[in-house]
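Accompanying notes for the structure given below.
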Amino acid sequence: MVQIIDGEKIASDIRSEVLAESEKLKKEGITPGLATVLVGENPASKVYVNMKEKDSKAVQFYSERHDLDENITEERLLSLVEELNNNDKIHGILVQLPLPKHIDENKILEAIDPAKDVDGFHPINVGKLVIGLETFLPCTPHGVFQLLKRYNIETDGADVVIIGRSNIVGKPMALILMQRKKGANATVTVTHSATKDLAAKASKADILIAAIGKPKFVTADMVKEGAVVIDVGVNRTEDGLVGDVDFEAVKDKASWITPVHGGVGPMTRAMLLVNTVESAKRHSNRQSKVSVKN
Ligand code: GUN
């Protein structure tokens, strides 16, 4: 009998933990601060940024929102990032992706101070993840990692197959789960659009993570009996929001599965709060070290 992984419940637990941390920091005179930046009118991005802003207020962060015109120049956006880098009230900067085509996304991500890069997208933070140093983990794979951990799903030596190789999900997911540490230590295969016999590879997985952005891409024949299935996909179709997994077809083969609503989505949002409070804590530690020195 399949069991549902309740991302909403775990995200709510995590928000309570963040609120407690946030209250503790406030007693030390630090209010965790998050700046969100939205460029243009992409309706999905707008919804995501609205939710991130609402979440950050719910855990008593200082929250700053910047809505910019679709046609803003790269220079203007870079100068806003610079301002936020230098703003002491801000511990986390989130520039919602995708950006309009005339703006070089990598250039913007590289301009964000790595110490405030709560998305974990700066090359320095990506590099730290590659070599296993502590860093900000990108929010979606960080959320999946927490779900596996908090549901006690064994990853040690497990065969994990990831479908999708994006910088936001697939690649960091692979890096997180292949680390030689508790809660990871998996054998990871990353599959993508050029993979031969993808279905055969997927059907060997103990843990199958779908992040390819194609509605109902994962069908029952691609899932091993008893596998854990994590659906990262959020695809807008005529039938509404559909995951990368054909939930109805797959659920009878899986042991655990995430639903499209209340699965990975709430976890992504929760992990942004975790990264931001962590950034504020590091900032507080740096400050106290300075005051000891003086
Ligand atoms: N667009 C889709 N997912 C993300 C994310 O995790 N962070 C940012 N900044 N943009 C996104």
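Under the 4.5 Å side-chain heavy-atom criterion for Ile, Leu, Val, Met, Phe, Trp and Tyr, Trp256 and Ile162 are members of the same hydrophobic cluster. Linking ILVMFWY residues whenever their side-chain heavy atoms come closer than 4.5 Å, directly or via other members, leaves Val39 and Val49 in distinct clusters.
Donor-acceptor pairing under 3.5 Å is lacking for the side chains of Lys46 and Gln96. Defined by atom type and a distance below 3.5 Å, a donor-acceptor pair is present between the side-chain atoms of Thr135 and Asn125.
Salt-bridge annotation for Lys27 and Glu23: absent, with no side-chain N of the basic residue lying under 4.0 Å from a carboxylate O of the acidic one. Ion pairing between a basic and an acidic side chain is recognised when a charged N comes within 4.0 Å of a carboxylate O; Asp55 and Lys57 show no such pairing. Under 4.0 Å is where a charged nitrogen must lie from a carboxylate oxygen, and between Lys24 and Glu28 no such pair does. Salt-bridge formation is detected for the pair Glu134/Arg282: a Lys NZ or Arg NE/NH1/NH2 atom is positioned less than 4.0 Å from an Asp or Glu carboxylate oxygen. The pair Asp206-Lys224 meets the salt-bridge criterion, with a side-chain N (NZ, NE, NH1 or NH2) lying under 4.0 Å from an Asp/Glu carboxylate O. A salt bridge links Glu53 to Arg65: one of the charged nitrogens lies within less than 4.0 Å of a carboxylate oxygen. Using a 4.0 Å cut-off between a side-chain N of Lys or Arg and a carboxylate O of Asp or Glu, Lys201 and Asp197 do not qualify as a salt bridge.
Looking at every heavy atom in both residues, Pro266 comes nearest to Gly263 through CD-O, 3.5 Å. When every heavy atom of Ala220 is checked against every heavy atom of Ala249, the shortest pair comes out as CB-O, 3.6 Å. Across all non-hydrogen atoms, the minimal contact from Leu129 to Pro138 is CD2-CD, 4.4 Å. Counting all heavy atoms, side chain and backbone alike, Val228 lies closest to Ser255 at CG2-OG, 3.8 Å. Considering every non-hydrogen atom in both Gly40 and Glu70, the closest pair reads CA-OE1, 3.2 Å.
Taking 4.5 Å as the limit, every side-chain heavy atom of Asp244 sits out of range of all side-chain heavy atoms of Val234.
Ile124 CD1 to Phe136 CZ: the interatomic distance, rounded to the nearest 0.5 Å, is 12.5 Å. Between Lys181 atom NZ and Thr155 atom OG1 the span is 11.5 Å, to the nearest 0.5 Å. With rounding to the nearest 0.5 Å, the separation of OG in Ser16 from CD in Glu21 is 12.0 Å. Put simply, OG1 on Thr140 and CE on Met173 are 9.5 Å apart, with the number rounded to the nearest 0.5 Å. To the nearest 0.5 Å, the span separating CG on Leu272 from CG on Leu34 amounts to 5.0 Å.
Apart from Met222 itself, the hydrophobic cluster it occupies contains Val2, Ile4, Val161, Ile163, Leu198, Leu208, Ile212, Phe217, Val218, Val223, Val229, Val245, Phe247, Val250, Ile257, where clustering links Ile, Leu, Val, Met, Phe, Trp and Tyr at side-chain heavy-atom distances under 4.5 Å.
Figure legend: cation-pi geometry between Arg150 and Phe145 absent, as NZ or CZ is not positioned both under 6.0 Å from the six-membered ring centre and within 45° of its axis.
Within a 6.0 Å radius of NZ in Lys214, other residues, nucleotides and ligands contribute 12 heavy atoms or fewer.
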